[in-house]
Amino acid sequence: RSILPIGSLEQHGLQGPIGTDTLAVVERGKLIAQQTDVLVAPILFPGNSPYHMAFAGTITLPAETIQLVYFQAAQSLIAHGFKRFLILNGHAGNAATVQYLVDRINQETAGIAVDLDDAAAPFVKRAERQGPPAFDRHAGVSETSRSLYLTPNLVNLGAGRTAPLTLRPHLDKILPDVVAGDPVATRVFLAEALKAASTGKGTSTKDMTETGVWSALDVKTATAERGRDETLASVNAAVAFIERWKQLRPSG
């Protein structure tokens with residue numbers, strides 16, 4: 001069994017490292033591997049992040065390139081005897097790429113692949129809500145908290161600053177429904193928001209937040225304790241799924 005972590009190289013506000021998504025997903029993979037017999041095999045640092053390109057340091061690759069590199073890496077690992085692949089995604093912008101990669105491995109090789117976060121979802125024990133509901137996504141309090149837990153030496157919390165959200169009026173109007181957890185509003189919102197400047201939607205990161213922090217919360221309230229709770233909920237769920245998979249389909 002092999003975990004293939006997929007992340008990105010993109011800005012994470014003024015407080016987080018460019019490699020936040022890749023560094024965090026690799027560390028998460030290692031925590032999973034400490035509890036069950038899997039190999040963590042990092043392949044690439046960059047992911048698909050065209051909407052962050054207005055911020056210096058961001059490196060983005062086309063989805064086609066990413067899936068091809070990981071597919072060929074899986075083929076190499078299959079040649080060395082690996083059969084089961086757990087794709088662990090650390091960047092929401094890679095979601096469609098991961099689904100395609102999983103399907104290609106399952107349809108075109110002797111290997112068996114799953115999207116690990118999706119597969120582990122039924123086992124997740126949600127951490128207690130930290131305060132009232134609020135919009136908190138890219139480089140916000142939750143993600144910065146996880147970085148403080150996983151890569152504390154790379155976070156400069158004192159430099160963090162949350163900027164006012166500058167959403168398009170029609171997106172701002174449905175934001176309360178998104179915060180309330182309305183699945184339709186969230187789907188509609190994310191279909192348009194956080195898209196490359198070249199699409200003309202006016203929803204690149206720079207269009208919506210001056211600092212790159214896509215959150216309504218004060219990023220300086222992030223804590224390693226919160227990051228630990230959120231990370232371990234994900235890690236424990238992944239381990240539970242892997243152990244159940246082993247029961248249902250022993251190696252061999």
Side-chain angles (χ1 to χ4, degrees), residues 6-25 46-60 89-96 117 129-151 154-183 185-223 226-227 230-231:
I6 302 183
S8 66
L9 283 177
E10 60 189 42
Q11 67 79 24
H12 274 77
L14 304 175
Q15 76 282 1
I18 293 290
T20 289
D21 289 346
T22 298
L23 295 166
V25 78
N48 185 250
S49 312
Y51 34 84
H52 291 302
M53 282 300 292
F55 292 89
T58 298
I59 295 175
T60 184
N89 186 21
H91 168 55
N94 294 331
D117 281 325
R129 183 183 289 280
Q130 308 276 337
F135 185 74
D136 186 55
R137 298 185 72 91
H138 175 80
V141 172
S142 176
E143 185 168 32
T144 301
S145 292
R146 282 177 269 129
S147 289
L148 284 169
Y149 174 63
L150 292 167
T151 57
L154 299 177
V155 179
N156 183 3
L157 193 59
R161 182 168 63 85
T162 303
L165 295 176
T166 51
L167 302 175
R168 300 290 295 273
H170 60 285
L171 294 177
D172 195 47
K173 186 176 180 181
I174 67 172
L175 188 61
D177 294 311
V178 175
V179 172
D182 181 330
T186 301
R187 185 175 294 272
V188 170
F189 182 87
L190 294 178
E192 187 171 351
L194 215 60
K195 298 297 178 286
S198 60
T199 67
K201 293 183 173 73
T203 61
S204 74
T205 322
K206 193 74 169 179
D207 290 320
M208 298 187 293
T209 163
E210 176 195 344
T211 63
V213 175
W214 205 30
S215 174
L217 299 176
D218 179 1
V219 73
K220 289 184 179 180
T221 63
T223 66
R226 174 172 177 170
E230 293 184 4
T231 299

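Just so it is clear, the values below take in all heavy atoms, side chains as well, and ignore hydrogens, waters and symmetry mates.
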With a 3.5 Å distance limit and no angle check, can you tell me whether [X] reaches the backbone of [Y] through a side-chain donor-acceptor pair?
X: D177; Y: D182; answer: no
X: S49; Y: T60; answer: no
X: T22; Y: S8; answer: yes

* Taking only residues two or more places apart in sequence, or in another chain, which ones meet A163 in a side chain to side chain contact (heavy atoms under 4.5 Å, CB included)? -> T209, E210, T211

* **Any donor-acceptor N or O pair under 3.5 Å, side chains N48, H91** => no

[atom1]/[X] to [atom2]/[Y] distance, rounded to the nearest 0.5 angstrom?
X: N94; Y: D21; atom1: CG; atom2: CG; value: 8.0 Å
X: H138; Y: T20; atom1: NE2; atom2: OG1; value: 8.0 Å
X: E10; Y: I18; atom1: CD; atom2: CD1; value: 8.5 Å
X: D172; Y: M208; atom1: CG; atom2: CE; value: 11.5 Å
X: T162; Y: L14; atom1: OG1; atom2: CG; value: 9.5 Å
X: W214; Y: L167; atom1: CH2; atom2: CG; value: 7.5 Å

Do [X] and [Y] have side chains that get closer than 4.5 Å, going by heavy atoms?
X: T58; Y: Y51; result: no
X: T205; Y: L194; result: yes
X: M53; Y: K206; result: no

If you compare all heavy atoms of [X] against all heavy atoms of [Y], which two are closest, and at what distance to 0.1 Å?
X: G13; Y: A139; result: N-CB, 3.8 Å
X: D136; Y: V141; result: OD1-N, 2.8 Å
X: F189; Y: L171; result: CE1-O, 3.8 Å
X: L175; Y: L165; result: CD2-CD1, 4.3 Å
X: N89; Y: I6; result: OD1-O, 3.3 Å
X: A196; Y: P50; result: CB-CB, 3.8 Å

* Please step through side-chain hydrogen bond (donor to acceptor under 3.5 Å, both in side chains) for the pair S142 and E230, ending with a clear verdict. => CA-CA 8 Å; S142 176; E230 293 184 4; 2.6 Å; yes

* Sorted by first residue and then second, give each side chain to side chain donor-acceptor pair (under 3.5 Å) pair with at least one member in residues 185-203; sequence neighbours left out. => H170-E192

* Let me see the working for T144 and Q15 under side-chain hydrogen bond (donor to acceptor under 3.5 Å, both in side chains), right down to the final yes or no. => CA-CA 8 Å; T144 301; Q15 76 282 1; 3.0 Å; yes

* Asked: Going through the distances and angles, do R137 and L190 end up as a side-chain contact (heavy atoms from CB on, under 4.5 Å)?
  -> CA-CA 11 Å; R137 298 185 72 91; L190 294 178; 3.4 Å; yes

* **Counterpart residues, salt bridge (Lys or Arg N to Asp or Glu O under 4.0 Å), relative to D117 (two or more places apart)** => R28

